[in-house]
Amino acid sequence: MKNQTIHKKQGDLTAWLIVLVFFILWEFIVRINNTPVYLLPAPSRVISTMIAFPLTYAQASFITIGEALAGLCLGVMAGILIASLLTLLPGLEDGVMTLAILIKSTPLVAIAPLLTLWLGFGIFPKIIITALLTFFPVLVNILSGMTRIDPALHDLFRSWNASRWEIYRHLRLPSAIPYLFTALKIAAPLSLIGAVVAEWTGASGGLGRTMWLAYTNLNLPFMFAAIFILAAAGISIYRLISWAEKHFVFWSQNSILD
Amino acid sequence: MIQFSQISHQYLNGHLVHALEKINLTIQSGQFIALIGPSGCGKSTLLRLAANLIQPTQGQIQIHGESPQQAVLNKRIAWMAQQPALLPWLSVQKNIELALKFQKKPSSIQKQTEQALQAVRLTEAAHQFPNTLSGGMQQRLALARLLVQDADIWLMDEPFAALDELTRENLTIELYNLWSSYQPTVLWVTHNIYEAVKLSDRILVFSPPPGRIVGDININLSQPRQENSPEFQKLLNQLRNILHQDQELHQ
């Protein structure tokens, strides 16, 4: 256990070192080549832009991360509900999954402007788009978790004469928790992408809107600052999910066996 | 009493497998029965049929005059498999309590849980989670869960097969002691003829597939049985002869 912690810390340090080296190289190349700022700004320029407009970025981040998290919650709830329904009524699986794949395969850039047209420039269409993007990995993972249960445990519940609902409640639902965290690790970064893409198609605020405005004015430091914040938010949410996974799915960690 | 009448069972596993063929068997209440035989001879299938986990292709099973389905409904049967089948997200205590909830006797859950944990010497581990227990402790927990079900019939499918020899021997003795106290009917699938002779009242020997009963030995030796006694050795040899003769016949 102690060795694992040391290995993990070493891994984290290596990752941060790689990021640091990447930024140093970037800064170095931009300075050496005198790259124009409208093509590629140096990281130091991006960070100074961020520091110069703290309120603008704070407000935009609040809107986008809020939309992403709300959409993620909606997508997760929809995924869990549909997976539960398909587990309890397996006859519906083929029909519902076909519909889910249809939604998943429809390009987001095609739906987003339509939703903005129908529902306006507020946060509601952004939440819907993010939910549409995130519910599929949740649905597929949770459904796997609920159906791939330990056969020995299934036999045990059947020997107790447990009903389908009791098997769902006491066995299938808890068995799906590790799968939920796997799904969240995929869906959380997607939720940020969903919110930003939705804002690009028309919004009154948010990091996507900031990026779009910066892009149309060729203000690349302003645009890269938004990208940096999104990357940091993505990493933070992912880390938070990993931390929660360790605490809530403690049973799939190390076990002591004879 | 458990009665198997003309039980045959076939299933598809890429090809048609004839697991059991015309099994006729009567088991008296309170007996400790060992089922032995080569792999794939249908011992586990017979147990799964009795537990209503699968339905026979032919024949009928009566458990105290009821169908297996009715027996399961009336909580007459407790099932234990090779894997301890514990819920990893529940503590030792909660695993037992869940089994009790399914018995629909919510009144004395705490007391019964304590008694069962005491019986298998797991009181101190009550708040631990299964992944922190050793293989032997996990099976003891599965035994405690079996006890609280208060069933007349214990169907045990090689419950200690995955354990090391010493742990298995200790648990087999614990199982025998529990059987002596609770006096259920035990159908115990094992590969170990030595353990079968040491503990059972009766040993049923199965042929290679399709499984038929080729030996039915009542053991009248008193407990505790002396392994070095001539009678014990004679029974061991008798079992070995049945198993080898039948295997040669099939080859």
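A note on names: the letters A, B, ... follow the listed sequences, proteins ahead of strands, and every chain is numbered from 1.
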Considering only heavy atoms, which portion of [X] lies under 4.5 Å from any heavy atom of chain A: side chain, backbone, both, or neither?
X: B/Leu86; answer: backbone
X: B/Ile77; answer: backbone
X: B/Ala99; answer: both

* Asked: A/Phe23 and A/Phe228: aromatic ring centres closer than 6.0 Å?
  ->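 Yes - the distance between ring centres of A/Phe23 and A/Phe228 falls below the 6.0 Å cut-off.
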* Is the shortest distance from a Lys or Arg side-chain nitrogen in B/Arg168 or B/Glu195 to a carboxylate oxygen in the other one below 4.0 Å? -> yes
* To do: Would you check if B/Lys75 and B/Gln149 make a side-chain contact, meaning some heavy-atom pair closer than 4.5 Å?
  => no
Between [X] (side chain) and [Y] (backbone), is there a donor-acceptor pair under 3.5 Å?
X: B/Gln139; Y: B/Gln82; value: yes
X: A/Thr201; Y: A/Ala198; value: yes
X: A/Ser175; Y: A/Gly145; value: no

Please state whether the side chain, the backbone, both or neither of [X] comes within less than 4.5 Å of a heavy atom of chain B.
X: A/Ile177; result: neither
X: A/His154; result: neither
X: A/Phe157; result: side chain

* **Inter-chain contacts: residues 51-65 of chain B against chain A, heavy atoms under 4.5 Å** =>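 Checking residues 51-65 of chain B against chain A gives B/Asn52, B/Leu53.
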* Stepwise, does the ring-ring contact (aromatic ring centres under 6.0 Å, His included) test hold for A/Trp251 with B/Phe129? -> CA-CA 8 Å; A/Trp251 64 87; B/Phe129 284 87; 8.5 Å; no
* Asked: For chain B, which of A/Ser159, A/Pro174, A/Ala152 has the most heavy-atom pairs under 4.5 Å?
  -> A/Pro174
* Give me the ring orientation class for B/Trp154 and B/Tyr182: parallel if the planes are under 30° apart, tilted from 30 to 60°, perpendicular past 60°. =>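 Aromatic pair B/Trp154/B/Tyr182 classed tilted.
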* Exercise: identify the closest heavy-atom pair between A/Pro90 and A/Arg164 ->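 Minimum heavy-atom contact is CD-NH1, 3.8 Å.
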